[in-house]
Amino acid sequence: MKKISGVIFDMDGLILDTEAIYSASNIEMAKKYGLKGYDEAYYKTEIGLSEEHVFKKYIEDYPYLAEPMIREFFDESRQVVRETFKETGAPLKKGIVELLTYLKKVNIPCIVASSNTEETIEDLLIKANLKDYFIGSVSSNDVTHAKPDPEIVEKALEKLGTKRNETVMLEDSLNGIRASYSAGVPVIMVPDLLEPTDEAIEKSYMIKKDLLEVLTFIKEI
(Lines give C-alpha, C1' and ligand atoms only; values in the text may rest on other atoms or scores of the structure.)
Protein backbone atom coordinates (compact mmCIF):
# COMPACT_ATOMS: atom_id res chain seq x y z
CA MET A 1 0.00 0.00 0.00
CA LYS A 2 1.24 3.48 -0.86
CA LYS A 3 -1.25 5.37 1.30
CA ILE A 4 -3.75 4.72 4.09
CA SER A 5 -6.72 7.10 4.23
CA GLY A 6 -8.96 5.12 6.59
CA VAL A 7 -8.96 2.12 8.94
CA ILE A 8 -11.79 -0.35 9.63
CA PHE A 9 -11.54 -2.15 12.98
CA ASP A 10 -13.16 -5.39 14.00
CA MET A 11 -13.91 -5.24 17.74
CA ASP A 12 -14.06 -8.62 19.50
CA GLY A 13 -10.57 -10.01 19.89
CA LEU A 14 -9.05 -7.07 18.01
CA ILE A 15 -9.79 -3.91 19.97
CA LEU A 16 -10.87 -5.65 23.17
CA ASP A 17 -10.12 -9.01 24.73
CA THR A 18 -13.77 -10.05 24.75
CA GLU A 19 -13.38 -13.54 23.29
CA ALA A 20 -11.86 -14.90 26.50
CA ILE A 21 -14.83 -13.53 28.47
CA TYR A 22 -17.35 -15.06 26.09
CA SER A 23 -15.50 -18.37 26.15
CA ALA A 24 -15.29 -18.68 29.94
CA SER A 25 -18.91 -17.61 30.44
CA ASN A 26 -20.30 -19.93 27.75
CA ILE A 27 -18.33 -22.92 29.03
CA GLU A 28 -19.70 -22.42 32.54
CA MET A 29 -23.25 -21.89 31.28
CA ALA A 30 -23.04 -24.98 29.04
CA LYS A 31 -22.61 -27.15 32.14
CA LYS A 32 -25.91 -25.85 33.51
CA TYR A 33 -27.80 -26.64 30.32
CA GLY A 34 -26.11 -29.93 29.48
CA LEU A 35 -24.20 -29.03 26.32
CA LYS A 36 -21.68 -31.84 26.45
CA GLY A 37 -18.21 -31.17 25.08
CA TYR A 38 -18.62 -27.39 25.10
CA ASP A 39 -15.05 -26.33 25.87
CA GLU A 40 -12.55 -23.72 24.69
CA ALA A 41 -11.87 -25.67 21.50
CA TYR A 42 -15.59 -25.72 20.70
CA TYR A 43 -15.94 -22.01 21.44
CA LYS A 44 -13.20 -21.29 18.92
CA THR A 45 -15.35 -22.85 16.19
CA GLU A 46 -17.92 -20.07 16.61
CA ILE A 47 -15.51 -17.12 16.59
CA GLY A 48 -16.36 -14.73 13.78
CA LEU A 49 -19.88 -16.11 13.25
CA SER A 50 -23.03 -14.00 13.54
CA GLU A 51 -25.41 -14.64 16.42
CA GLU A 52 -27.88 -16.21 13.99
CA HIS A 53 -25.26 -18.61 12.65
CA VAL A 54 -24.05 -19.50 16.14
CA PHE A 55 -27.58 -20.40 17.24
CA LYS A 56 -28.06 -22.60 14.16
CA LYS A 57 -24.72 -24.24 14.93
CA TYR A 58 -25.90 -25.11 18.46
CA ILE A 59 -29.09 -26.66 17.06
CA GLU A 60 -27.03 -28.83 14.70
CA ASP A 61 -24.32 -29.77 17.20
CA TYR A 62 -26.60 -30.57 20.14
CA PRO A 63 -29.53 -32.47 18.58
CA TYR A 64 -30.30 -34.22 21.87
CA LEU A 65 -31.43 -30.91 23.41
CA ALA A 66 -34.82 -29.37 22.62
CA GLU A 67 -34.63 -26.09 20.73
CA PRO A 68 -36.27 -24.11 23.59
CA MET A 69 -33.52 -25.37 25.93
CA ILE A 70 -30.82 -24.25 23.50
CA ARG A 71 -32.57 -20.89 23.18
CA GLU A 72 -32.48 -20.50 26.97
CA PHE A 73 -28.76 -21.31 27.02
CA PHE A 74 -28.12 -18.92 24.17
CA ASP A 75 -30.07 -16.04 25.70
CA GLU A 76 -28.82 -16.48 29.27
CA SER A 77 -25.16 -16.91 28.31
CA ARG A 78 -25.25 -13.72 26.30
CA GLN A 79 -27.14 -11.80 28.96
CA VAL A 80 -24.50 -12.73 31.54
CA VAL A 81 -21.75 -11.46 29.23
CA ARG A 82 -23.66 -8.25 28.44
CA GLU A 83 -23.99 -7.55 32.16
CA THR A 84 -20.26 -8.15 32.61
CA PHE A 85 -19.50 -5.72 29.80
CA LYS A 86 -21.79 -3.05 31.27
CA GLU A 87 -20.26 -3.40 34.73
CA THR A 88 -16.57 -3.92 34.02
CA GLY A 89 -16.04 -3.65 30.26
CA ALA A 90 -13.29 -5.77 28.72
CA PRO A 91 -9.48 -5.58 28.72
CA LEU A 92 -7.81 -3.61 25.95
CA LYS A 93 -5.76 -5.47 23.40
CA LYS A 94 -2.06 -4.67 23.31
CA GLY A 95 -1.27 -1.56 21.29
CA ILE A 96 -4.84 -0.37 20.65
CA VAL A 97 -4.47 2.94 22.49
CA GLU A 98 -1.14 3.71 20.84
CA LEU A 99 -2.51 2.89 17.39
CA LEU A 100 -5.71 4.91 17.79
CA THR A 101 -3.81 7.85 19.27
CA TYR A 102 -1.48 7.94 16.28
CA LEU A 103 -4.28 7.60 13.71
CA LYS A 104 -6.15 10.48 15.35
CA LYS A 105 -2.98 12.59 15.40
CA VAL A 106 -2.46 12.15 11.65
CA ASN A 107 -6.19 12.57 10.87
CA ILE A 108 -6.84 9.08 9.54
CA PRO A 109 -10.51 8.29 10.27
CA CYS A 110 -11.39 4.99 11.96
CA ILE A 111 -14.62 3.00 12.13
CA VAL A 112 -15.70 -0.20 13.90
CA ALA A 113 -17.25 -2.98 11.79
CA SER A 114 -18.35 -5.72 14.17
CA SER A 115 -20.77 -8.65 14.07
CA ASN A 116 -21.75 -7.70 17.61
CA THR A 117 -24.85 -5.61 18.38
CA GLU A 118 -24.89 -1.83 18.28
CA GLU A 119 -25.69 -1.72 22.00
CA THR A 120 -22.75 -3.92 22.97
CA ILE A 121 -20.32 -2.01 20.75
CA GLU A 122 -21.48 1.25 22.33
CA ASP A 123 -21.24 -0.09 25.88
CA LEU A 124 -17.76 -1.51 25.41
CA LEU A 125 -16.24 1.46 23.60
CA ILE A 126 -17.60 3.90 26.18
CA LYS A 127 -16.40 1.73 29.07
CA ALA A 128 -12.94 1.55 27.49
CA ASN A 129 -12.84 5.33 26.78
CA LEU A 130 -12.31 4.61 23.09
CA LYS A 131 -15.52 5.83 21.47
CA ASP A 132 -14.17 9.27 20.52
CA TYR A 133 -11.46 7.68 18.37
CA PHE A 134 -14.06 6.38 15.91
CA ILE A 135 -16.34 8.25 13.51
CA GLY A 136 -18.97 5.57 14.11
CA SER A 137 -19.66 1.88 13.74
CA VAL A 138 -21.41 -0.72 11.61
CA SER A 139 -22.99 -3.52 13.65
CA SER A 140 -25.10 -6.62 13.16
CA ASN A 141 -28.11 -4.31 13.44
CA ASP A 142 -27.06 -2.51 10.25
CA VAL A 143 -26.63 -5.43 7.86
CA THR A 144 -28.75 -8.13 6.31
CA HIS A 145 -25.86 -10.53 5.74
CA ALA A 146 -23.16 -11.18 8.35
CA LYS A 147 -19.47 -11.78 7.73
CA PRO A 148 -18.10 -13.45 5.59
CA ASP A 149 -20.48 -11.48 3.36
CA PRO A 150 -18.76 -8.19 2.45
CA GLU A 151 -21.84 -6.05 3.26
CA ILE A 152 -20.49 -4.83 6.61
CA VAL A 153 -17.18 -3.81 5.03
CA GLU A 154 -18.95 -2.02 2.17
CA LYS A 155 -21.06 -0.03 4.64
CA ALA A 156 -18.03 0.85 6.75
CA LEU A 157 -16.21 2.00 3.62
CA GLU A 158 -19.18 4.16 2.65
CA LYS A 159 -19.23 5.82 6.07
CA LEU A 160 -15.48 6.45 5.96
CA GLY A 161 -15.70 7.93 2.47
CA THR A 162 -12.28 6.55 1.56
CA LYS A 163 -11.02 4.63 -1.46
CA ARG A 164 -10.95 0.87 -0.90
CA ASN A 165 -7.33 0.56 -2.02
CA GLU A 166 -6.39 3.27 0.51
CA THR A 167 -8.34 1.68 3.36
CA VAL A 168 -7.14 -1.14 5.58
CA MET A 169 -9.21 -3.49 7.70
CA LEU A 170 -7.89 -5.03 10.91
CA GLU A 171 -9.26 -8.49 11.73
CA ASP A 172 -8.59 -11.51 13.91
CA SER A 173 -11.07 -14.01 12.44
CA LEU A 174 -11.26 -15.86 9.13
CA ASN A 175 -14.81 -14.72 8.36
CA GLY A 176 -13.77 -11.11 8.81
CA ILE A 177 -10.82 -11.65 6.51
CA ARG A 178 -13.10 -13.24 3.93
CA ALA A 179 -15.48 -10.27 4.13
CA SER A 180 -12.73 -7.72 3.64
CA TYR A 181 -11.11 -9.73 0.86
CA SER A 182 -14.43 -10.00 -1.00
CA ALA A 183 -14.93 -6.24 -0.65
CA GLY A 184 -11.51 -5.56 -2.15
CA VAL A 185 -10.21 -3.91 1.02
CA PRO A 186 -6.69 -4.93 2.12
CA VAL A 187 -6.89 -6.73 5.45
CA ILE A 188 -4.25 -7.18 8.14
CA MET A 189 -4.78 -10.15 10.41
CA VAL A 190 -3.87 -9.78 14.08
CA PRO A 191 -4.49 -13.28 15.51
CA ASP A 192 -6.28 -13.62 18.85
CA LEU A 193 -7.46 -17.08 19.92
CA LEU A 194 -7.13 -18.55 16.43
CA GLU A 195 -3.91 -19.12 14.54
CA PRO A 196 -3.98 -18.09 10.86
CA THR A 197 -5.11 -20.80 8.47
CA ASP A 198 -3.70 -21.21 4.97
CA GLU A 199 -6.75 -19.34 3.65
CA ALA A 200 -6.25 -16.51 6.12
CA ILE A 201 -2.61 -16.18 5.10
CA GLU A 202 -3.54 -16.19 1.42
CA LYS A 203 -6.28 -13.55 1.73
CA SER A 204 -4.55 -11.23 4.21
CA TYR A 205 -2.39 -8.36 3.03
CA MET A 206 -0.12 -9.27 5.92
CA ILE A 207 -0.23 -10.80 9.39
CA LYS A 208 1.02 -8.95 12.47
CA LYS A 209 1.35 -10.39 15.96
CA ASP A 210 -0.19 -7.34 17.66
CA LEU A 211 -1.41 -3.79 17.06
CA LEU A 212 1.97 -2.28 17.91
CA GLU A 213 3.35 -4.05 14.84
CA VAL A 214 0.43 -2.63 12.84
CA LEU A 215 1.32 0.83 14.13
CA THR A 216 4.93 0.42 13.00
CA PHE A 217 3.76 -0.65 9.54
CA ILE A 218 1.42 2.33 9.18
CA LYS A 219 4.09 4.77 10.30
CA GLU A 220 6.46 3.48 7.63
CA ILE A 221 4.04 4.09 4.75
Side-chain angles (χ1 to χ4, degrees), residues 1-16 18 47-53 93 95-96 98-122 124-126 128 130-192 196 199-208 211 213-221:
M1 298 182 70
K2 296 181 179 179
K3 180 180 180 181
I4 293 179
S5 301
V7 182
I8 303 171
F9 285 76
D10 178 44
M11 184 182 72
D12 293 298
L14 191 284
I15 295 174
L16 298 162
T18 54
I47 291 176
L49 299 180
S50 69
E51 294 285 77
E52 179 185 359
H53 289 152
K93 294 293 287 185
I96 185 61
E98 292 89 340
L99 176 57
L100 288 172
T101 300
Y102 175 78
L103 292 172
K104 188 172 185 178
K105 178 182 177 182
V106 297
N107 297 313
I108 295 177
C110 302
I111 191 168
V112 173
S114 168
S115 297
N116 219 316
T117 64
E118 182 178 355
E119 179 185 5
T120 299
I121 294 170
E122 183 91 352
L124 283 170
L125 292 183
I126 289 174
L130 296 179
K131 188 181 178 185
D132 290 345
Y133 288 102
F134 299 98
I135 65 163
S137 66
V138 183
S139 70
S140 60
N141 303 89
D142 303 311
V143 297
T144 304
H145 305 289
K147 301 173 185 177
D149 190 277
E151 181 183 6
I152 195 168
V153 184
E154 295 286 359
K155 290 197 171 185
L157 197 63
E158 184 179 348
K159 283 191 174 184
L160 279 175
T162 52
K163 297 178 181 178
R164 63 188 71 230
N165 66 338
E166 292 183 0
T167 305
V168 67
M169 186 161 183
L170 305 179
E171 265 288 355
D172 68 296
S173 74
L174 180 56
N175 273 346
I177 291 167
R178 287 169 172 163
S180 191
Y181 183 83
S182 295
V185 174
V187 56
I188 298 176
M189 182 183 190
V190 184
D192 182 34
E199 183 183 357
I201 293 169
E202 177 187 349
K203 292 182 175 178
S204 296
Y205 183 76
M206 60 178 58
I207 296 175
K208 297 294 187 182
L211 295 174
E213 284 197 355
V214 174
L215 173 59
T216 299
F217 163 72
I218 291 176
K219 282 182 173 180
E220 291 174 349
I221 294 179

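When the side-chain contact (heavy atoms from CB on, under 4.5 Å) test is applied to S182, the partners found at least two apart in sequence or on another chain are P150. Considering only residues two or more places apart in sequence or on other chains, K93 meets the side chain to side chain donor-acceptor pair (under 3.5 Å) condition with D192. By the side-chain contact (heavy atoms from CB on, under 4.5 Å) test, E151 pairs with V143, T144, H145, D149, K155, sequence neighbours left out. Residues forming a side chain to side chain donor-acceptor pair (under 3.5 Å) with N175 (at least two apart in sequence, or on another chain): R178. Looking at residues two or more places apart in sequence or on another chain, you find a side-chain contact (heavy atoms from CB on, under 4.5 Å) between S50 and E52, H53, A146. In this view, S137 satisfies the side chain to side chain donor-acceptor pair (under 3.5 Å) rule with no residue, not counting sequence neighbours. Partners of K131 by salt bridge (charged side-chain N to carboxylate O under 4.0 Å, His left out), not counting sequence neighbours, listed by chain and number: E122. For K2, the side-chain contact (heavy atoms from CB on, under 4.5 Å) criterion is met by no residue, not counting sequence neighbours. Every residue two or more places apart in sequence or in another chain that forms a salt bridge (charged side-chain N to carboxylate O under 4.0 Å, His left out) with E51 is listed here: R78. Looking at residues two or more places apart in sequence or on another chain, you find a salt bridge (charged side-chain N to carboxylate O under 4.0 Å, His left out) between E119 and K86. With sequence neighbours excluded, no residue forms a salt bridge (charged side-chain N to carboxylate O under 4.0 Å, His left out) with K159. By the side chain to side chain donor-acceptor pair (under 3.5 Å) test, D172 is found to be paired with no residue, residues two or more places apart in sequence or in another chain being considered.
Two residues are said to be in side-chain contact when any heavy atoms from C-beta on lie closer than 4.5 Å; F9 and L14 meet this criterion. Side-chain contact between V106 and I218: absent, with no pair of heavy atoms (C-beta onward) separated by less than 4.5 Å. The shortest distance between side-chain heavy atoms of I96 and L16 does not fall below 4.5 Å.
A donor-acceptor pair under 3.5 Å is absent between the side-chain atoms of S204 and the main chain of I188, judged by distance alone. Although no hydrogens or angles enter the test, the distance criterion places a donor-acceptor pair under 3.5 Å between the side chain of R164 and the main chain of A183.
Smallest separation of non-hydrogen atoms from K147 and S114: NZ-CA, 4.3 Å. Of all non-hydrogen atoms in L160 and P109, the two that sit nearest each other are CD2-O, 3.7 Å. A113 and I152 make their closest contact through C-CD1, 3.8 Å (heavy atoms, listed as atom of the first residue, atom of the second, distance). N116 approaches T120 most closely through the heavy-atom pair OD1-CB, 3.4 Å. Scanning both residues, K3 and S5, for their nearest heavy atoms gives CE-OG, 3.5 Å. Nearest heavy atoms, I15 versus L130: CG2-CD1, 3.6 Å.
Open room surrounds CD on E158; 12 or fewer heavy atoms of other groups in view lie less than 6.0 Å from it.
Side-chain atoms of S139 and E118 form no donor-acceptor pair, as typed in the model, at a separation below 3.5 Å.
Classified by interplanar angle (parallel below 30°, tilted 30° to 60°, perpendicular above 60°), the ring pair Y205/F217 is tilted.
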